[in-house]
Amino acid sequence: MAAPVSVRVQREDFDLAAEVSALTRGRADIGAVVTFLGLCRDEAGSLDALELEHYPGMAEAEISRICHEAVQRFGLQAATAVHRFGRIEPGENIVLVLTASLHRQAAFDGANFIMDFLKTSAPFWKKEHRADGSAGDWVSAKDADDAARERWSR
Amino acid sequence: MAAPVSVRVQREDFDLAAEVSALTRGRADIGAVVTFLGLCRDEAGSLDALELEHYPGMAEAEISRICHEAVQRFGLQAATAVHRFGRIEPGENIVLVLTASLHRQAAFDGANFIMDFLKTSAPFWKKEHRADGSAGDWVSAKDADDAARERWSR
Amino acid sequence: MSTVNLVYFSWVRERIGKGEETLELPAGVVTIGDLLGHLKTLGAEYEAALEHQNVIRAAINQEHVDHGEPIAGAREIALFPPMTGG
Amino acid sequence: MSTVNLVYFSWVRERIGKGEETLELPAGVVTIGDLLGHLKTLGAEYEAALEHQNVIRAAINQEHVDHGEPIAGAREIALFPPMTGG
C-alpha cells in the first residue's frame, strides 16, 4: 500500500491537532510523528501582515511531488502538508507539515526535506504590508534556502 | 530573558495542541515550531503494552538539562518536553518534544537533538508485555541510539 | 504562429500589469529563453518585468522547467520570480 | 564506614530484588567502580544484577557519573541498565 499523502492549499487556518489525529487515528504501527509549523513573525512590530500569492493548481501539484519524494526517500508511513494563502497577520499560521514513520529520524528528515523543497519550489510569493503604511515589498528569496535544499543532493 | 523550558514527567496522556498553544500564545516573534511525538507501536500485533519505569526526580532533571542545552546551542525561543511513564498501549503517546525558533532549521535541529539525548540519557526503561501473555523482556538499548547522539559531538 | 496561454505571478505580474494573457508567437520562438526574449520586445512593461532574465523562473503545464526547455505543445506557461513560500 | 542510600531500576532492581536500600560501606570503597565490586560480594542476587559491570550506569545525586567517580558525600546513588525511554 502506498503511504498516504495529503496536500491542501487554502485561505483558512488549519488545525494541527486534527491533522495529527487524522494521520494517526485507528492505527498502531506509527512510532514517530514530526510536525513543522511555520508562523508569520511580526519582525519586531514593523510588519502589519503578509499577503501570500500562489499559483493555483501548481501549488498543490508541486507540494504533492515533494511529499511523495520524501515518502519514497525516507520510507515514511504518511505525509501531510497544508499551506495557506491570502492575508496572514503576525502570530498566524502559514504552513504545516506532518510526517509519520516507524523510527524517529525518518520523520525528522522527511519533514525537514519537505520544508526545504517547499521553500524553494512551491509556487508561493510573500508580499509585506508594513506597519507604517508604506508600500510593501515582495520578500526576496534567500540564498540560505537554496543552500538548505542543496544539502539533500545525492 | 532566558528562553522558557517546560518539562513534565507524568502518567496521564498529554495534549499536543494545548502544548503548542501554550508555547505560542500571545507572542508573534516565533517563526517555526517543530514537534516530535513518539508513540507506542504494536509490533505487528505482538505487543500488548509497554511498562515504562522511570527515576522520579532525575527524569525531570535530566530532560531539563537536555532542553536547556538545546536552547543554548541552537538559539531556541522555547522548548517543551513531556514524557509519560506507567502502562502504555499500542497507539498511545509516549513522549512529546516541542521547539520554537525564529527560523526553521534551529527548531528542527533542537527537537532532533533533544530526542537523541533523551533516548540515551533520560532515566526511563521500557518493559514489554507480549500479546501472547509470555513474560515480557526489558527493551535493550540500541547502538543506533548511541550513534545518533554521537552525531552532535563537536 | 502558435498560440500560448501565459500566466504571471508576484512582481512579474505587477510589472507586466496583468495576470494572464493569450499570445500568438512567431515561428522562431522555440524555448522558454526565446519566449522571454520575444516578450521583452512587446513593450516597456515587459522589459521592466523581465530585465533580469536569469532570475525569472518558468513552468510549463504547472511543472518547473529550465530556460532551455522547448515550449511546443504547452497548454500553459507561467513566469514568476524565485519562490518565497513556507 | 560511611552510609549511602542506593536506588535501583529496571532489571538491576528486579535481580537485586529491591528498589532501594541503605548500606554501610567499608573504607576501601571510594568510587562507583569500587561500590559495584563491593555489592557483588553481598550475595548471588547482586552478582546476577551486576555481572556485566561495564554496562551498568550510575548516577550520584541524580546526575550521570562514570565508574571512576568518587562517591564521597553522595546523598543518593542510583544503579541501572542503559536507558530506553523516548
Side-chain angles (χ1 to χ4, degrees), chain A residues 15-21 23-45 47-49 77 88-105 107-116 118-119 142 144-145 147-148 151, chain B residues 15-21 23-45 47-49 77 88-105 107-116 118-119 142 144-145 147-148 151:
Chain A
D15 179 341
L16 190 151
E19 300 298 336
V20 173
S21 172
L23 196 131
T24 57
R25 191 185 303 128
R27 54 192 293 185
D29 61 331
I30 293 174
V33 175
V34 166
T35 76
F36 176 86
L37 174 64
L39 300 137
C40 178
R41 282 181 284 119
D42 65 359
E43 308 293 355
L47 185 78
D48 188 41
Q77 295 171 303
I88 296 178
E89 297 189 359
E92 285 193 75
N93 297 326
I94 298 176
V95 61
L96 178 67
V97 168
L98 286 80
T99 52
S101 59
L102 283 171
H103 302 290
R104 72 186 181 285
Q105 198 55 45
F108 271 121
D109 288 344
N112 207 333
F113 175 97
I114 290 169
M115 279 306 303
D116 282 349
L118 189 152
K119 275 267 176 190
K142 290 193 212 119
D145 287 329
R151 292 186 301 158
Chain B
D15 180 340
L16 190 151
E19 300 298 336
V20 173
S21 172
L23 196 131
T24 58
R25 192 185 302 128
R27 55 192 292 185
D29 60 331
I30 292 174
V33 175
V34 167
T35 76
F36 175 86
L37 175 63
L39 299 136
C40 178
R41 282 181 283 118
D42 65 359
E43 308 293 355
L47 185 79
D48 188 40
Q77 294 171 305
I88 296 179
E89 297 189 0
E92 284 193 76
N93 297 327
I94 298 175
V95 60
L96 178 67
V97 168
L98 286 79
T99 52
S101 60
L102 282 171
H103 302 290
R104 71 186 183 284
Q105 199 55 45
F108 272 121
D109 289 343
N112 207 334
F113 175 96
I114 290 169
M115 279 306 303
D116 282 348
L118 189 153
K119 276 265 175 190
K142 290 192 214 121
D145 286 329
R151 294 185 301 158

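Quantities reported herein were computed from a predicted structural model and do not represent experimental measurements. Residue numbers begin at 1 in each chain, while the letters A, B, ... track the order of the sequences.
Proximity of B:Val95 to A:Arg104: side-chain heavy atoms (C-beta onward) are nowhere separated by under 4.5 Å. Contact of the A:Gln105 side chain with the B:Met115 side chain is not registered, since no non-hydrogen atoms from C-beta on lie closer than 4.5 Å. Contact of the B:Arg27 side chain with the A:Arg41 side chain is not registered, since no non-hydrogen atoms from C-beta on lie closer than 4.5 Å. Side chains of B:Val34 and A:Val34 form a contact here, defined as non-hydrogen atoms less than 4.5 Å apart.
Both the backbone and the side chain of B:Leu102 have a heavy atom closer than 4.5 Å to some heavy atom of chain A. Contact of A:Ala111 with chain B is made through backbone and side chain together, with heavy-atom distances under 4.5 Å. In this structure, the portion of A:Leu16 lying under 4.5 Å from any heavy atom of chain B is its side chain and not its backbone. Looking at B:Val33, both its backbone and its side chain come within 4.5 Å of chain A, counting heavy atoms on both sides. Interface residue B:Asp116: backbone and side-chain heavy atoms are both found under 4.5 Å from chain A.
For the atom pair OG1 of B:Thr24 and CG of A:Leu37, the computed distance is 7.5 Å after rounding to the nearest 0.5 Å. A distance of 10.0 Å separates CG of A:Asp145 from NE2 of B:His103, quoted to the nearest 0.5 Å.
Contact tally against chain B (heavy-atom pairs below 4.5 Å) for A:Ala17, A:Ala18, A:Gly31, A:Gly26: the top residue is A:Gly31.
Of all heavy-atom pairs between A:Asp29 and B:Asp42, the closest is CA-OD1, 4.2 Å. Taking each heavy atom of B:Ile30 and A:Leu39 in turn, the nearest pair found is O-CB, 3.4 Å. In plain terms, the two heavy atoms of A:Ala28 and B:Gly91 that are nearest each other are CB-N, 3.8 Å.
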Passes ring-ring contact (aromatic ring centres under 6.0 Å, His included), B:Phe36 versus A:Phe108? Steps please. CA-CA 8 Å; B:Phe36 175 86; A:Phe108 271 121; 5.3 Å; yes

